[in-house]
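Hydrogens, waters and symmetry mates play no part in the numbers below; they use all other heavy atoms, side chains included. Below, read A as the first sequence line, B as the second, and so on, with proteins coming before strands; counting in each chain starts at 1.
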2 protein chains.
Amino acid sequence: MAPKMTTSSYAVLALLDLKPWTAYELTNQAQRSLRYAWPKSERLLYSEPKKLVELGFATTHQEKRGGRTRNVYAITTEGRDALREWTHTRTQPPRLEIEALLRLLFADHGSQEDLLRALDEFESDIGEHHQAIVELMASYLDGGHPFPQRTHLSVLFATFQIEMFKTIEQWIEFARGEIDEWPATRDLGMTPRTETLTRLLAQDQSPLNP
Amino acid sequence: MAPKMTTSSYAVLALLDLKPWTAYELTNQAQRSLRYAWPKSERLLYSEPKKLVELGFATTHQEKRGGRTRNVYAITTEGRDALREWTHTRTQPPRLEIEALLRLLFADHGSQEDLLRALDEFESDIGEHHQAIVELMASYLDGGHPFPQRTHLSVLFATFQIEMFKTIEQWIEFARGEIDEWPATRDLGMTPRTETLTRLLAQDQSPLNP
DNA sequence: ACTTGATACTGCAACTTGCAGTATCAAGAT
DNA sequence: ATCTTGATACTGCAAGTTGCAGTATCAAGT
């Protein structure tokens with residue numbers, strides 16, 4: 001039976017449309033550019049191009065790079081047609097997996113230090129990428145975009161990421177302040193501070209930017 | 001071989017610590033409370049409690065509810081110990097899957113309308129939950145929290161969600177404005193507007209809240 | 001000559017999801 | 001009084017995805 005095109009298949013196909021890549025290069029590219037939109041494992045990025053070849057959406061040929069062979073994948077006309085079709089289909093709902101927030105929800109099983117450590121880890125994961133994006137933008141100003149005609153898309157996406165990261169970092173700082181006021185993690189319930197917070201949220205107001 | 005405890009296993013175990021549930025009730029609870037921290041399928045929420053029983057972290061007994069039987073799961077002392085251990089372990093990095101952003105990155109395969117539709121879908125997915133959280137907070141003020149002693153945790157988590165949703169909604173509005181200025185989706189490259197944006201981002205400044 | 005890190009790729013077990021299917025019961029519609 | 005609908009309750013299975021171990025070559029620095 002013919003394999004099925006998943007969203008991940010289209011993601012890889014769209015990368016192949018930029019230029020031919022080896023699976024190895026795809027893994028690097030996908031890690032860097034898709035990490036905060038459509039994160040995929042190295043393993044999958046090695047499998048997907050094969051599937052695309054089977055479907056006639058890509059071709060492959062071996063190249064010799066200093067004695068070692070490597071499989072280079074390129075998109076076909078059918079592949080480009082498939083990409084155009086894809087843009088008309090329904091988008092999947094967003095999905096956020098943030099274990100640090102799970103730790104927060106169930107923080108009453110550990111100490112405040114445990115919770116703060118989870119927030120630290122969250123912050124450093126986000127901070128790393130935040131910094132990388134800022135540096136990437138600086139490099140774009142020096143004409144460093146690998147596909148200059150696509151700069152408008154990359155930058156609008158980067159805007160999303162920066163806004164997101166800033167919000168998360170602000171919230172983490174705010175959360176630290178709240179947690180520091182706690183006498184414990186368990187059984188606090190509706191404290192005066194929590195009540196103030198709840199009132200703001202019930203009116204859809206931001207407690208961080210009042 | 002003994003099954004392995006995953007983060008999802010701990011999530012279920014933590015829910016069981018609140019009170020005994022049937023798998024069916026767990027699916028509802030997890031959908032409502034964990035959807036934006038640790039989203040899990042109905043199928044998994046039926047499987048995990050069985051695994052917990054096998055590990056000795058939960059017990060199960062059949063209840064008769066009007067002639068129909070149902071399996072109710074409850075946490076054990078060992079389960080509570082396991083939860084306490086869990087709080088000391090390393091947190092996994094966050095993972096955001098947002099197909100609408102993938103559509104943005106590769107918007108040059110479709111029309112502006114295609115891209116705007118993807119953003120609309122993104123907005124309505126977010127908006128639905130945004131509204132639900134606001135209403136939930138209003139209900140907390142009326143003493144509607146199912147586990148009142150845990151209100152401080154729920155509300156701090158809700159703060160995160162509201163901030164996140166607001167930021168996303170603001171960005172979508174901003175992105176619409178940008179896209180409306182485009183003459184096409186393809187080959188725009190570094191337009192004057194994009195350059196202004198890039199300059200701001202390279203200095204880690206928010207283009208939305210200048 | 002040797003170690004290290006980048007390049008390049010595969011096999012496999014385990015985790016997770018989506019979907020179809022099965023069945024009972026309560027409540028409202030006809 | 002029967003019928004439909006929606007909530008409750010659960011399972012099997014195929015397919016998508018990940019993590020990890022393993023294999024191998026090559027370039028560059030020690």
With sugar-phosphate meaning primed atoms plus P, OP1 and OP2, does [X] contact a base, only sugar-phosphate, or nothing at under 4.0 Å between heavy atoms?
X     : result
A/P39 : sugar-phosphate
B/S47 : nothing
B/Q62 : nothing

Starting at atom [atom1] of [X], determine the distance to atom [atom2] of [N], rounded to an integer number of angstrom.
X     : N      : atom1 : atom2 : result
A/E97 : C/dC15 : CD    : P     : 15 Å
B/K4  : D/dG19 : NZ    : P     : 10 Å
A/E48 : D/dT17 : CD    : C1'   : 10 Å
B/Y10 : C/dC15 : OH    : P     : 13 Å
A/L52 : D/dG16 : CG    : P     : 13 Å
B/R35 : C/dT17 : CZ    : C1'   : 15 Å
B/L45 : D/dT8  : CG    : C1'   : 15 Å
A/M5  : D/dG16 : CE    : C1'   : 14 Å

By nearest nucleotide on DNA chain D, pick out whichever of B/R95 and B/N28 is the more 5' one.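 Here B/N28 is the residue nearer the 5' end.
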In terms of side-chain geometry, is the basic nitrogen of [X] or [Y] positioned less than 4.0 Å from the acidic oxygen of its partner?
X      : Y      : answer
B/D120 : B/R176 : yes
B/E25  : B/R70  : yes
B/D114 : B/R103 : no

N/O to N/O distances under 3.5 Å, protein versus nucleotides 10-13 of chain D:
from: D/dC10; atom 1: OP1; to: B/N71; atom 2: N; distance (Å): 2.6
from: D/dC10; atom 1: OP1; to: B/N71; atom 2: ND2; distance (Å): 3.0
from: D/dT11; atom 1: OP1; to: B/K50; atom 2: NZ; distance (Å): 3.2
from: D/dT11; atom 1: OP2; to: B/K50; atom 2: NZ; distance (Å): 2.9
from: D/dG12; atom 1: N7; to: B/R43; atom 2: NE; distance (Å): 3.4
from: D/dG12; atom 1: N7; to: B/R43; atom 2: NH2; distance (Å): 2.9
from: D/dG12; atom 1: O6; to: B/R43; atom 2: NE; distance (Å): 2.6

Should A/K40 be listed as having a side-chain N or O under 4.0 Å from OP1 or OP2 of D/dT18?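 Yes, because at least one side-chain N or O of A/K40 sits under 4.0 Å from OP1 or OP2 of D/dT18.
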Between A/T6 and D/dT17, is there a contact of a side-chain N or O with OP1 or OP2 at under 4.0 Å?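 Yes.
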Under a 3.5 Å limit for both distances, which nucleotide forms a Watson-Crick or G-U wobble pair with D/dT23, could you say?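 Pairing partner, where one exists within any strand: C/dA8.
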Return the pairing partner of D/dA15 with a 3.5 Å limit on both distances, Watson-Crick or G-U wobble; otherwise return none.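 Across any shown strand, D/dA15 pairs with C/dT16.
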Taking only residues two or more places apart in sequence, or in another chain, which ones meet A/R35 in a side chain to side chain contact (heavy atoms under 4.5 Å, CB included)?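 Result, side chain to side chain contact (heavy atoms under 4.5 Å, CB included) vs A/R35: A/Q31, A/H129.
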Please lay out, stage by stage, how A/F106 and B/Y10 fare under the test side chain to side chain contact (heavy atoms under 4.5 Å, CB included). CA-CA 10 Å; A/F106 299 118; B/Y10 288 108; over 6 Å; no
Before we go on, tell me: are the rings of B/H152 and A/W182 under 6.0 Å apart, centre to centre?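 Between B/H152 and A/W182, the centre distance is under 6.0 Å.
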Residues 136-148 of chain A, side-chain donor-acceptor partners within the protein, below 3.5 Å, at least two apart:
from: A/S139; atom 1: OG; to: A/L136; atom 2: O; distance (Å): 2.7
from: A/H145; atom 1: ND1; to: A/F147; atom 2: N; distance (Å): 2.9
from: A/H145; atom 1: ND1; to: A/F147; atom 2: O; distance (Å): 3.1
from: A/H145; atom 1: NE2; to: A/S154; atom 2: OG; distance (Å): 2.7

